[in-house]
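Report on the following structure.
Order of the sequence lines fixes the chain letters, A, B, ..., with proteins taken first and strands second; residue numbering starts at 1 for each chain.
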Protein chains: 2
Amino acid sequence: MGNQRSERVFSMPTRKLESVVSLRDIRVACKACSLKEICLPVGIDRDDLERLDSIIDRKHPLARGEHLFRVGDRFQSIYAVRSGSLKTYSTSEGGHEQVMGFQLPGELVGLDAISENQHPLAAKALETTSVCEIPFTDLESLSSQISGLQHQLLRVMSQEIRDDEQNMVILGQKSAEQRLAAFLISISNRFRRRGFSATQFNLSMSRSDIGNYLGLALETVSRLFTRFQNDGLLRVDRKHIELLDREKLCAYSGAHCSEQQPPQESSGQ
Amino acid sequence: MGNQRSERVFSMPTRKLESVVSLRDIRVACKACSLKEICLPVGIDRDDLERLDSIIDRKHPLARGEHLFRVGDRFQSIYAVRSGSLKTYSTSEGGHEQVMGFQLPGELVGLDAISENQHPLAAKALETTSVCEIPFTDLESLSSQISGLQHQLLRVMSQEIRDDEQNMVILGQKSAEQRLAAFLISISNRFRRRGFSATQFNLSMSRSDIGNYLGLALETVSRLFTRFQNDGLLRVDRKHIELLDREKLCAYSGAHCSEQQPPQESSGQ
DNA sequence: TGGCCGCATTGACGCAGATCAAATGTCTAT
DNA sequence: ATAGACATTTGATCTGCGTCAATGCGGCCA
């Protein structure tokens, strides 16, 4: 695991320039990070944010194909994706791989490792990717002091459970067509939340990864992309996707997927 | 839905008899509960346990078919199953049901509701079932005071994420035979942990529930049960299952599933 | 600039498991 | 007990998608 380091030397323990973006986006403080509205800092006030910030370690970027951690690695930290993307996967005894998820900026990885103190999945960069490392022991003790942080951590984990349940529905009862449609809509929504285009994006993962994730053969994924294109739902060019008819894509996915609703203020409490 | 009540009248708010098991197991304190080694109290010392106990509300039992909560219900509490069993499920627009999981004694339900403050799934009793209600606001504030409780809560949620991931593997790439085998082994292991027989038990859920949960038609489940029986793996009689050859069943499931190993101290780092 | 290699597309074919159908067994309420 | 509703089993048929196979297309390195 001996990974190279480089700009580490520049990061002095006492840094003053708070709002200045330093070298290569490395070391953007949480409060200056564009992801703070969707990442762990949600709902944490200015002072507490600084405390959270102080335990976070911003690593230098992973190259495409590099591992953030592997199956069985001792659990020490969770990670937040800052830029780029990851896939998490497990490998069965037969060497067969199962892709469990893709992580975009602002999303956390490693939460499934808390219970057994070791990672049940590996996490690999799909492209050049940088992450924030959040040592779990520190996070835990900070959480008991900052109630907003505790709450947000629980919320994020709860959301992950919910997302996994959603995936179980998709794997358990949707057709190939519905699965891919649902996947594209989900990706699109996640990009939008992060301020990227919802109608035009690049998929950093291969057809094989998509198929594996959706429980489909990669050939099926490929065929579906061409079918969707013929049906006027989207335009595909290699990794690049342009959604042309989101409505119809929703219909194909066999779910409401309005997803657009403003963060409805759920009554009280 | 007007559910009958009966022994409620016997459970007085001021109870003195701490170590005495009261009527029909109602109102067993955590410290006297046989599930305390696998439920939320894990790793919490005597005094703190009393504090946890004080926020928990032991409800009278649910009858078979009764709902603990429904989709969209406001989230206020998580629940621990004390006896009996539950299924959680969602219903798609087409009225089609997707079973997400089954809860046995000592397991928590409702953790997926934290993030949106409302329940994404319904929970229904598969048989006469009693639960402990744990108001979430209280639990949260207690968690920030009792570090063991915070840790255990995170562990339980992490475990749930891990289990869901395991289910995704099953739904994504296992054959019907492997799915049912894996399901039976999982149930067996869960029963064992709770001190019940691992080789002989009653399934409280229908074939249809099992099939739905595993992404299979109920006919397929039924056929597999007879096949397994013919292959000498087990004996089935209606809901009653007797595992005859656990080894072979493991092989059928296409996973190591030793599961029996003592909490192996994984070699450092 | 060309050749190679991994990824993607497209086609042909077969099978696991869904669906349809019907018979039988079992629980519940009167 | 008896009827009726429902759960389960078993059989027959059909089909969506996996598998195998061949070809096409970039991107990368020498």
Open item on the list: Pick the closest DNA chain D nucleotide for A/Ala217 and for B/Ser222 by heavy atoms, then say which residue is nearer the 5' end.
Closed with: B/Ser222
Task: Interatomic distance, B/Arg238 CZ vs C/dG25 P [rounded to whole Å] - done: 12 Å
Task: Residue A/Ala176, side-chain atoms from C-beta onward, closest of D/dC17, C/dA8, C/dT10 - done: D/dC17
Task: Donor-acceptor pair under 3.5 Å, B/Arg223 side chain vs C/dT19 base - done: yes
Task: Nearest-nucleotide comparison on DNA chain D, the residue closer to the 5′ end among B/Lys239 and A/Thr220 - done: B/Lys239
- [ ] Taking atom types as modelled, find out whether A/Arg227 and A/Asn230 have a side-chain donor-acceptor pair closer than 3.5 angstrom.
- [x] no
Task: Atom pair distance, as rounded to whole Å: CZ in B/Phe225 and P in D/dA7 - done: 16 Å
TODO: Take atom CG of B/Leu218 and atom P of D/dA7, then tell me their distance rounded to the nearest Å.
DONE: 10 Å
- [ ] Taking only Lys NZ, Arg NE, NH1 and NH2, and the carboxylate oxygens of Asp or Glu, determine whether B/Arg64 and B/Glu127 approach each other closer than 4.0 Å.
- [x] no
Task: Distance, rounded to the nearest Å, where A/Lys174 contributes NZ and D/dG16 contributes P - done: 17 Å
TODO: Would you mind reading off the distance between B/Leu180 atom CG and C/dA16 atom C1', rounded to a whole angstrom?
DONE: 15 Å
Open item on the list: Nearest whole Å is fine: how far is D/dC6 C1' from B/Arg64 CZ?
Closed with: 11 Å
Task: For atom CD of B/Glu127 and atom P of C/dT28, their distance in whole Å - done: 13 Å
- [ ] Over 60° means perpendicular and under 30° means parallel, so classify the ring planes of B/Phe75 and B/His119, tilted if in between.
- [x] perpendicular
Task: Nearest heavy-atom neighbours spanning B/Thr88 and B/Ala123 - done: CG2-CB, 4.0 Å
TODO: Mind listing the closest non-hydrogen atom pair of A/Lys239 and A/Met205 along with its distance?
DONE: NZ-O, 3.3 Å
Task: Proximity to DNA chain C (any heavy atom under 4.0 Å), residues of residues 200-216 of chain B only - done: B/Gly215, B/Leu216
TODO: Mark yes or no for a side-chain to base donor-acceptor pair under 3.5 Å between A/Glu177 and D/dC17, with no hydrogen or angle criteria applied.
DONE: no
Open item on the list: Has B/Ser204 got a side-chain atom pairing as donor or acceptor with B/Ser85's backbone, closer than 3.5 angstrom?
Closed with: no
Open item on the list: Can you confirm whether or not the ring centre of A/Phe228 sits under 6.0 Å from the ring centre of A/Tyr252?
Closed with: yes
- [ ] Rounded to the nearest angstrom, tell me the gap between atom CZ in B/Phe228 and atom C1' in D/dT9.
- [x] 16 Å
Open item on the list: When you measure only distances, ignoring hydrogens and angles, does the side chain of A/Glu219 come within 3.5 Å of the base of D/dC17 through a donor and an acceptor?
Closed with: no
